[in-house]
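Here's the structure we're looking at; comments come further down.
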Amino acid sequence: MAKHLGIPLKHHDALSDARAAGMIVVKAIDHTGLQLSDWLAPQPRKRATAPPTPAPDGTLKGQRIAILGESRNGRLAQQIAANGGRIMASVGATTTMLVVAADEPFGYVRYDAEFKKAEARRLAGDDIHIVSASALLSTLPDRRDV
């Protein structure tokens with residue numbers, strides 16, 4: 001960001017990092033016209049929208065699926081629900097699958113708390129699967145109605 005904005009920065013130097021961060025804020029204020037208090041004010045939380053209702057039948061009927069990396073009411077969630085899967089808010093004791101919206105080997109996703117919970121449950125012997133969205137979607141019938 002500093003390089004893009006033309007702000008000098010000596011990496012891993014605390015004073016330089018602090019100056020660069022301050023200059024980024026100053027440039028953001030100049031660019032937007034917002035005051036510092038506007039940037040620091042808490043933002044109202046958006047209400048979470050409900051996930052799609054699962055179809056009464058389908059390949060994923062009975063599956064309780066958490067999604068990592070995409071909205072729980074987005075296109076992936078709609079495809080899962082159209083195939084009978086129930087979308088969960090997070091990985092819990094009843095979750096049967098974690099669908100990761102990234103390709104394996106998942107990279108940074110492995111550090112996410114939800115991924116770690118699913119992996120810990122799997123290693124403990126629970127019946128929970130961790131799959132990429134593309135791997136899951138390749139097993140589903142082509143439903144054009146989503």
Side-chain angles (χ1 to χ4, degrees), residues 1-5 7 9-14 16-25 27-29 31-32 34-146:
M1 175 75 77
K3 183 177 181 180
H4 175 74
L5 295 173
I7 297 170
L9 174 66
K10 181 178 175 188
H11 287 283
H12 305 294
D13 176 270
S16 181
D17 288 346
R19 283 184 177 149
M23 289 305 301
I24 289 170
V25 171
K27 287 191 178 262
I29 289 169
H31 180 73
T32 63
L34 296 173
Q35 297 300 313
L36 180 60
S37 59
D38 297 326
W39 281 97
L40 299 176
Q43 298 298 308
R45 293 187 67 165
K46 291 183 181 180
R47 294 187 110 172
T49 54
T53 303
D57 62 354
T59 309
L60 299 173
K61 182 177 181 172
Q63 298 289 324
R64 299 170 66 83
I65 302 170
I67 299 173
L68 180 60
E70 279 193 22
S71 166
R72 68 182 197 122
N73 63 351
R75 183 147 179 80
L76 175 59
Q78 292 172 15
Q79 290 172 299
I80 290 169
N83 284 279
R86 178 172 303 280
I87 305 299
M88 308 301 292
S90 63
V91 174
T94 62
T95 306
T96 59
M97 186 182 304
L98 174 64
V99 178
V100 180
D103 290 326
E104 292 190 55
F106 300 134
Y108 72 92
V109 174
R110 292 186 177 279
Y111 299 103
D112 186 272
E114 293 300 305
F115 188 94
K116 286 181 175 182
K117 281 195 282 186
E119 195 169 54
R121 284 197 46 225
R122 188 178 55 76
L123 292 172
D126 291 347
D127 189 20
I128 183 168
H129 303 278
I130 302 172
V131 299
S132 69
S134 58
L136 175 67
L137 294 175
S138 71
T139 67
L140 302 178
D142 185 16
R143 296 211 175 181
R144 303 232 180 241
D145 56 341
V146 286

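For the atom pair CG of Leu98 and OG of Ser132, the computed distance is 11.0 Å after rounding to the nearest 0.5 Å. We find the OG1-CE distance between Thr95 and Met88 to be 5.0 Å, quoted to the nearest 0.5 Å. Distance check, rounded to the nearest 0.5 Å: CD of Gln78 to OG of Ser71 gives 9.0 Å. In this structure, CD1 on Ile128 lies 10.5 Å from CD1 on Ile65, to the nearest 0.5 angstrom. Taking NZ of Lys61 as the start and CZ of Arg86 as the end, the distance is 11.0 Å to the nearest 0.5 Å. Interatomic distance, Lys10 NZ to Asp17 CG, rounded to the nearest 0.5 Å: 10.5 Å.
Environment of CZ in Arg19: sparse, with no more than 12 heavy atoms of neighbouring residues, nucleotides or ligands closer than 6.0 Å.
Closest approach of Ala135 and Ser138 over heavy atoms only: O-OG, 2.7 Å. The two residues Ala101 and Ala133 come nearest to each other via the heavy atoms CA-CB, 4.1 Å. When all heavy atoms of Thr94 and Arg64 are compared, the pair lying nearest together is OG1-NE, 3.0 Å.
Glu119 has no carboxylate O lying under 4.0 Å from a charged side-chain N of Lys116, or vice versa, which leaves the two without a salt bridge.
Ile80 places none of its side-chain heavy atoms less than 4.5 Å from the side chain of Met97. Counting only heavy atoms from C-beta outward, the side chains of Leu76 and Leu137 approach each other to under 4.5 Å. Between Thr32 and Asp38, the closest side-chain pair of non-hydrogen atoms is not below 4.5 Å. For the pair Lys117 and Arg121, the minimum side-chain heavy-atom distance is 4.5 Å or more.
Judged by distance alone, the side chain of Glu114 and the main-chain N or O of Val91 form a donor-acceptor pair under 3.5 Å.
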Candidate pair Leu136 and Leu60, rule side chain to side chain contact (heavy atoms under 4.5 Å, CB included), full reasoning: CA-CA 10 Å; Leu136 175 67; Leu60 299 173; 4.0 Å; yes
